[in-house]
Asker: 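Got a structure here, written out as structure tokens. Questions coming.
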Amino acid sequence: MPETPLTSPRVRFAPSPTGYLHVGGARTALFNWLFARHWGGTLILRIEDTDFERSSEAMVAGILEGMQWLGMDWDEGPFFQSQRLPLYRATADKLLAAGAAYPCFCTKEELEARRAEATAAGRPPMYDRRCRALAPAAAAARQAAGEAAAIRFAVPEGGATSFDDAVFGTVSFNNAELEDFVLLRSDGIPTYHLSVVADDVDMRLTHIIRGADHLSNTPKQVLQYQALGAPLPVFAHVPLILGPDKTRLSKRHGATSVISYKDLGIVPEAFRNFLALLGWTPGTDAAAGADGKTREVFLSDELIRLFSLAGISKSNSVFDNDKLAWFNTEYIRAYSPEQLLPLVQAEWAAAGFLPTLAPDSILATIALLQTRARSLKDFAGVFRAYFSDAFEFEPAAVAKFLKDPATPLLLVALGERLQAEPAFTEASTEATLRALAEERGIKAGILINGARVALTGQGVAPSLFAVMVALGRERTVDRLLAAPSIPVAMS
RNA sequence: GGCGCCAUGGUGUAACUGGUUAACACGUCGCCCUCUCAAGGCGAAGAGUACGGGUUCGAUCCCCGUUGGCGCUACCA
């Protein structure tokens, strides 16, 4: 279904640097990014660091690293709210002047005590609005005398506040449920409620795409837009991501930092694809393949082309590691060896591994292995023997296929023959091996399995003869001749 | 507790404005292929749409209630 085209929408990702870039935040960023890129709009990165207690520069760096890893760029920013304090002060003054806000002299301690009292008495623990009743002159005098005051928003006494959410439809709240929330703390630092509106207005944002945890905060913001006389943006609240136990995804569920998926050997685009499909669907029309089946792997710019707010679902979704693993294998296979190479090299660097294979052989070897890799980590782990002579033998594989002392000697014989052969192709090596097996009256499998271990250190590998060709004659022969010295664990 | 939101197989989703044997993907299981393991091919199990009432000739879809989950309820964001 064609949508109304949008002209230059402006959206933002506004993380709070009180932690790393987590999965939920990354998906919010992704939706904003996809939306901006789809419509040729502008993505603004804004760091909401007005909670000085919990914010840190290290976390800012972590968030930027996560964005970069996922390949999400932004057009403006990063802006830091901590550096925009005058704007919030000015916005509060506007609200004050409009009679939509008032100074409050209640201290934190008093408020806590009253809240406790109200809760104990079974009353809702909302602010009792006592400072709202203060005469403006009296309030001004107290402030002039140096008494610290917070600024609170004066929520209308009756009526309801509603807005149309692009995901949830019309959402309405009775104003009686909203308390006179604090805009500016008594130390002059804005709360989230004020800074978010001040910035969203100032940055001329047209769409607010954010987590559904903000749905209940939205009326407080709508009220401010109205008091400010500012046009309302389109809100689009995105349902949350849950862990396998269906509670909100958190550290208890293991990896929740986006960067930890890099460390797991996940291809960034695969992660992006996986994340995009968590709570969003391109719709059957757009995604249907020729066979009528719904495709889910959307390479390169396809996600951008397909993305639409209309496809965002309303219910929370569960993070499924199995599906992520599947996307990862799909991407590792879909990439060309050339595309994979830098990712593989990064793994080698991280592992301190130096390949000694010739560069053109490296690409061919990646091509040989990419259909069986589960993770980029494999290239610096179980696949080491393909790229360097510095590898280990897996004890279980040795014990299974080389325990018979006769086998290594057969492998030496095989090595000698291969050395003498004029050709060294998959067909020729196979013919040589099978001929040898027949002469010695043994099953070819003995040689094949034994050679696999001698050549790769593993009991599992691609077709043996393809492995031989990938390694080249020299390494193949060397490793076969060295078979008798492979340590067999005694057990 | 109050308010808000949500509810389709184990998981992610589909099912045009009510009419389908409730579809696809991941996962699971089986078979084939085979020098191992993946991949690949083929096939299977798995939900009658949280539950209960309506409305309707007919509800996954509309209405009400219940239950459950999640969110908000701070001078956090």
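Quantities reported herein were computed from a predicted structural model and do not represent experimental measurements. Letters go in sequence order (proteins before strands), and every chain restarts at 1.
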Asker: Which pairs with one or both residues in residues 116-128 of chain A pass side-chain hydrogen bond (donor to acceptor under 3.5 Å, both in side chains), sequence neighbours excluded?
Answerer: A/R114-A/D128, A/D128-A/R130
Asker: Mind checking if A/L324 touches a base, just sugar-phosphate, or nothing, with heavy atoms under 4.0 Å?
Answerer: nothing
Asker: Would you tell me if any nitrogen or oxygen in the side chain of A/R372 comes within less than 4.0 Å of OP1 or OP2 on B/G40?
Answerer: no
Asker: Is there side-chain contact between A/R129 and A/V155, with at least one heavy-atom pair below 4.5 Å?
Answerer: yes
Asker: Using the P atom as the point on both nucleotides, what is the distance between B/G71 and B/U60, in whole Å?
Answerer: 31 Å
Asker: With rounding to the closest Å, how many angstrom separate the C1' atoms on B/G48 and B/C29?
Answerer: 23 Å
Asker: Considering just the side-chain nitrogens and oxygens of A/K246, establish if one lies under 4.0 Å of OP1 or OP2 belonging to B/U11.
Answerer: yes
Asker: According to a strict under-4.0 Å criterion, is A/T18 in side-chain N/O contact with OP1 or OP2 of B/A77?
Answerer: no
Asker: Flag the pair A/Y192 / A/P190 as yes when at least one side-chain heavy-atom distance between them is below 4.5 Å, and no otherwise.
Answerer: no
Asker: Can you find a side chain N or O atom of A/R333 that sits less than 4.0 Å from OP1 or OP2 on B/G40?
Answerer: yes
Asker: Taking atom P in both B/G68 and B/A25, what distance in whole Å separates the two?
Answerer: 36 Å
Asker: Quickly work out the A/L275 CG to B/G12 C1' distance and round it to whole Å.
Answerer: 12 Å
Asker: Tell me whether the side-chain N/O atoms of A/R185 come closer than 4.0 Å to OP1 or OP2 in B/C76.
Answerer: yes
Asker: Between B/C51 and B/A44, how many Å separate the two P atoms, rounded to a whole number?
Answerer: 27 Å
Asker: Any side-chain N or O of A/R54 below 4.0 angstrom from OP1/OP2 of B/A77?
Answerer: no
Asker: Looking at B/A50, which nucleotide sits across from it as a Watson-Crick or G-U wobble partner, both distances under 3.5 angstrom, or is there none?
Answerer: B/U66
Asker: Could you check whether A/S55 gets within reach of a base, just the sugar-phosphate, or nothing at all, counting any heavy atom under 4.0 Å?
Answerer: nothing
Asker: Can you say whether a donor on the side chain of A/S317 sits under 3.5 Å from an acceptor on the base of B/G12, or the other way round?
Answerer: no
Asker: Between A/R374 and B/C37, is there a side-chain N or O to OP1/OP2 distance below 4.0 Å?
Answerer: no
Asker: Side-chain N or O of A/R248 less than 4.0 angstrom from OP1 or OP2 on B/C72?
Answerer: yes
Asker: Side-chain N or O of A/T281 less than 4.0 angstrom from OP1 or OP2 on B/G12?
Answerer: no
Asker: If you check every side-chain atom of A/R452, which of B/C75, B/G27, B/U36 has the closest atom?
Answerer: B/U36
Asker: Between B/U21 and B/G4, how far apart are the P atoms? Round to whole Å, please.
Answerer: 39 Å
Asker: Check the orientation of A/F163 and A/F173. Use parallel for under 30°, tilted for 30 to 60°, and perpendicular for over 60°.
Answerer: parallel
Asker: Looking only at the side chain of A/D322 (C-beta and beyond, no hydrogens), which of the listed nucleotides B/G12, B/G27, B/U11 gets closest?
Answerer: B/G27
Asker: Can you check the distance between B/U11 and B/C16, where both ends of the measurement are the P atom (answer in whole Å)?
Answerer: 23 Å
Asker: Relative to each other, are the rings of A/F274 and A/F271 parallel, tilted or perpendicular (30° and 60° limits)?
Answerer: tilted
Asker: Could you tell me how far B/G43 sits from B/U36 if I compare only their P atoms? Round to whole Å.
Answerer: 25 Å
Asker: Under 3.5 Å, is there an N or O donor on one side and an acceptor on the other linking the side chain of A/S186 and the base of B/C75?
Answerer: yes
Asker: Hey, does the side-chain of A/E177 have a donor or acceptor N/O within less than 3.5 Å of a partner on the base of B/G4?
Answerer: no
Asker: Quick one: classify the glycosidic conformation of B/G71 as syn or anti, with syn meaning within 90° of 0.
Answerer: anti
Asker: Hey, does A/Y20 have a side-chain heavy atom less than 4.5 Å from the side chain of A/I63?
Answerer: no
Asker: Answer yes or no: side-chain N or O of A/D49 and base N or O of B/A77 forming a donor-acceptor pair under 3.5 Å.
Answerer: no
Asker: For a quick test of reading the model: is some side-chain N or O of A/T191 closer than 4.0 Å to OP1 or OP2 of B/A74?
Answerer: no
Asker: So does A/R434 pair up with A/E430, basic N to acidic O under 4.0 Å?
Answerer: yes
Asker: So, does A/R295 get its side chain near the phosphate of B/A25, meaning an N or O under 4.0 Å from OP1 or OP2?
Answerer: no
